[in-house]
Structure formats: structure tokens, C-alpha cells
Amino acid sequence: MKLGDVYINKDTKELIQIDSFASHMGKFWEDTENTIVIFKQLEKHGGIVGSLPSFNGYGTSEEIEAEYDLLISQEELNKYNDWNDIFELVEHK
């Protein structure tokens, strides 16, 4: 799981993108087992794709991977012209 990876919900087909990693009180190197993953929910509204920071989510990588599948790795994002291409991919899944 890397920054920028795009995941698709196994049931609802909603998209999230890995936004950052966090640890309690910034003790990342001391407590790597309790690191959480912060993600943004990608939404399409009238042809505009975006996310709102107030709707960010978080969980462990295990929790996220239980509900979401990797759709596009961060390294492969450049193969798409824009987010509309990615949402079109989801519609045909």
C-alpha cells in the first residue's frame, strides 16, 4: 500500500486514494504496528471529480484491504488521462 494508490470498494464500487500514513502523536518509528492509513474518498459530481477533507477516512492496511481491492497502483496512474477515465473504468467493471 503506497501513497497515491487507488482502491475500489468490493461492494459499492466507491473509490478511495491513499493520502497519508499516521501514528499516534507522531511516534511513527516507535510504534509501526499501530500506523493508520488516511484515505480520501473520490467522488464525481456533475463531471467534476474531487474529494473533501472532512470526509477523509482511516484504518489499518488490513481493514482497508478487507473492504477494498487495489484498482490502480500509484505507478500506473500516469496511464490515464484524467479521473474521468478512471471512473469510466469503474463503470465497466
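Note: hydrogens, waters and symmetry copies are ignored here, and every other heavy atom, side chains too, is used.
- Here the closest non-hydrogen pair linking Val6 and Trp83 is CG2-CH2, 3.8 Å.
- Nearest heavy-atom pair, Ser61 versus Val37, reported as atom, atom and distance to 0.1 Å: N-CG2, 4.0 Å.
- Residues Tyr68 and Tyr58 do not share a hydrophobic cluster, defined by chaining ILVMFWY side chains whose heavy atoms lie under 4.5 Å apart.
- Note that CD1 of Ile38 and CD1 of Ile64 are 8.5 Å apart. Values are rounded to the nearest 0.5 Å.
- Of all non-hydrogen atoms in Phe21 and Met1, the two that sit nearest each other are CZ-O, 3.8 Å.
- No single ILVMFWY cluster, assembled from side-chain heavy atoms under 4.5 Å apart, contains both Ile72 and Leu3.
- Using a 4.5 Å cut-off on side-chain heavy atoms (C-beta onward), Leu42 and Ile86 make no contact.
- Across all non-hydrogen atoms, the minimal contact from Leu71 to Ile8 is CB-CG2, 4.1 Å.
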Practice item. Please step through side chain to side chain contact (heavy atoms under 4.5 Å, CB included) for the pair Leu77 and Gln17, ending with a clear verdict. Key: CA-CA 11 Å; Leu77 277 175; Gln17 186 175 34; 3.7 Å; yes
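- For residues 69-82, the pairs satisfying salt bridge (charged side-chain N to carboxylate O under 4.0 Å, His left out) are Lys2-Glu75, Lys10-Asp69, with sequence neighbours left out.
- Atom-to-atom distance recorded for Lys44:NZ and Glu88:CD is 7.5 Å, nearest 0.5 angstrom.
- Residues Ser51 and Lys40 come closest through the heavy atom pair OG-CD, 3.5 Å.
- Two residues are said to be in side-chain contact when any heavy atoms from C-beta on lie closer than 4.5 Å; Leu70 and Tyr7 meet this criterion.
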